[in-house]
Amino acid sequence: MAILKTGARLKSTVCNGEVMVVAAPDGEIEISCGGQPMADPAGAEKTGDVHADHAVGIAIGKRYVNEAGDLELLCVKAGDGGLAVGSELLLQKDTKKLPKTD
Amino acid sequence: MNIMMLLEMTSATFPDRVAFVDGEDGTRLTYQELFDNAGRHAARLQSGGFSRVGMLDVSSIATPTGLFSAAWAGLPYVPINYRLTEPEIDALLSRITPAYLVTENDREQRFAAMDDVTAAPRTAFLQAAESGVTAPEWSMDPEDTAVLLFTSGTTGAPKAAVLRQKHLVSYILGSVEFACADEEEAALVCVPPYHIAGIAAVLSSVYSGRRVVQLANFSAERWIELVRSEKVTTAFVVPTMLSRIVEALEGESSANMPHLGSLSYGGGKMPLSVIERAMQLFPDTDFTNAYGLTETSSTICVLGPDDHRTAAASSDETVRRRLVSVGQGLPGLEIEIRDDDGNVVGPDQRGEIYVRGEQVSGEYEGRGSVTDAQGWFPTRDAGSIDADGYLFLEGRADDVIVRGGENMSPGEIEDVLLEHASVRDAAVVGIPSEQWGEAVAAAVVLKPGKTASAAELQEWVKNNLRSSRVPETLEFYDELPYNETGKLLRRIVKAQFSER
């Protein structure tokens, strides 16, 4: 469990996945990828395999949110694991397409 | 958060795609090359004991290299207007030392004697970035300053707007879909690198994976040539540029630029006649009007292609009028209009535009943030919002003149006029101009018994400031209008010009 800081990066310990925190609720929370807790990229080492129930994968550039809407993660490196908080799998957020402005 | 992360994502996804093309000499840089160069140059910046990275140069592939290497090194990137006079440049430089400064090849010598400025000519800077060790991982602290942009303030010295990593990254994440560009897409960037639109163009294109074609010195002919030769698919122009492009295409039935899918504009008021003519010349091009400010990390409002077509085809005056609006706020941003007492006004009521959101900084170096306790930033732009949420700009809430997208302070020009031996009083205002949005007009009162011609005073301003500051119109008056507390009534000065 850790307090998530906006802008921080988290790395999966079971696949290549990596995310950045866009928004997070106050208080301690644990994000998992592929069924295992994610870790600070500096100290993260691959320690196991993606759990079959968490093998939905994450795609680079996509954003993932919880149902409450107070947690948002941006995938910065793709991976085979899926993101979850406890047993709640995070869902890919639909983004509205905007006209090119610059 | 760090804008480097945006580049890292794209270079991992499209390593071999061309990221930047210098329209002048054709130099090309792929996303992987840009990423690698940024990392190597960041290591040099970190070991040099610098506090800022300055860029005093036109657009080239050194522009993104400077921006991203500074972000990687954890140093603010400070692009400086290369059109300023030497004393003006020196004054800005003295505020960012100890600085590493990338500059034009023929300008470097000038800074050799400055202790706190390490100047590198563009060519040497780019060469150095091609070898050496790579810096360690960049900071992800969202509070790190990414960019300092000097704005032309209304009073005194230019203010340095602070854009932190969180502002720029929020803007990009909120407005651009990652890797949305196809391989053949290309954006033509002709706004200067020291303008927020120039910074935003680099970041938006990088995150979408789009190739950027850079046009350092705008001319309508060169712009048209590059759009055709580089098969440009999207471009951003200020209204003055679009006006020139439309003029250059005069006599042709269509623009003959089939690849140009979208054309966005902003930075000043677009004359209705120009946008209408442009839509005729580019019938298959999507037009977007983007309104934003330096302090808001670029665009906050967008009038999209469908809005343009609906408005142009409508016989309903309310809908048709939207062609000169700047559209609706970006998702995640809040915009409201307040009267002089700070109360939010209703539809179609004029007041000052306020904005709030993640991309909004509103902070100036040494002055702190000017946002209020609830995070609202006063734009100092005047405007109104119609019943459907379309924002209309109605000039500056203060008196800054916006000429061809360039903001200038009347006080600066007035001060110079007042230094002339024959001038007793002077007022400078912006008056409507088809070509520039606003043109500079000066009302001058001469000292008793003294004489000076308009041409003489125009030459005086040119010699003491620069050519864009020269009043296009200069007229003589017996006295200027002041209120009882001695405040110059610029509205009345402006009205006098329109009466003449």
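Residue numbering restarts at 1 for every chain, and letters A, B, ... go by the order of the sequence lines.
For a residue to count as touching a neighbouring chain, one of its non-hydrogen atoms must lie under 4.5 Å from one of that chain's; by this rule B/Y265 does not touch chain A. For B/S175, the parts lying near chain A are the backbone and the side chain together; criterion is any non-hydrogen pair under 4.5 Å. Contact of B/S170 with chain A is not made at all, since no heavy-atom distance falls under 4.5 Å. If you measure heavy-atom distances from B/L330 to chain A, the contacts under 4.5 Å come from the side chain alone. No part of B/Y291 comes within reach of chain A, as not one of its non-hydrogen atoms sits under 4.5 angstrom from that chain. For B/E137, the part sitting under 4.5 Å from any heavy atom of chain A is the side chain, from C-beta outward, and nothing else.
Scanning residues 45-61 of chain A against chain B with a 4.5 Å heavy-atom cutoff picks out A/I60, A/G61, ordered by number. Contacts of residues 10-34 of chain A with chain B at a heavy-atom distance below 4.5 Å involve A/M20, A/V21, A/V22, listed in sequence order. Inspection of non-hydrogen atoms places A/L74, A/C75, A/V76, A/K77 of residues 68-82 of chain A under 4.5 Å from chain B.
The distance from the NZ atom of A/K5 to the CE atom of B/M1 is 12.0 Å, given to the nearest 0.5 Å.
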Report, one line per pair, each donor and acceptor closer than 3.5 Å where one atom sits in a side chain of residues 3-11 of chain B; sequence neighbours left out.
unit_1	atom_1	unit_2	atom_2	d
B/E8	OE1	A/R9	NH1	3.1
B/E8	OE1	A/R9	NH2	2.8
B/T10	OG1	B/L6	O	3.3
B/T10	OG1	B/V206	O	2.7
B/S11	OG	B/L7	O	3.1
B/S11	OG	B/E8	O	3.2

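Between chain A and the residues B/S204, B/A200, B/A290, the largest count of heavy-atom pairs under 4.5 Å involves B/A200.
The neighbour count for B/E358 CD, taken as heavy atoms of other residues, nucleotides or ligands under 6.0 Å away, does not exceed 12.
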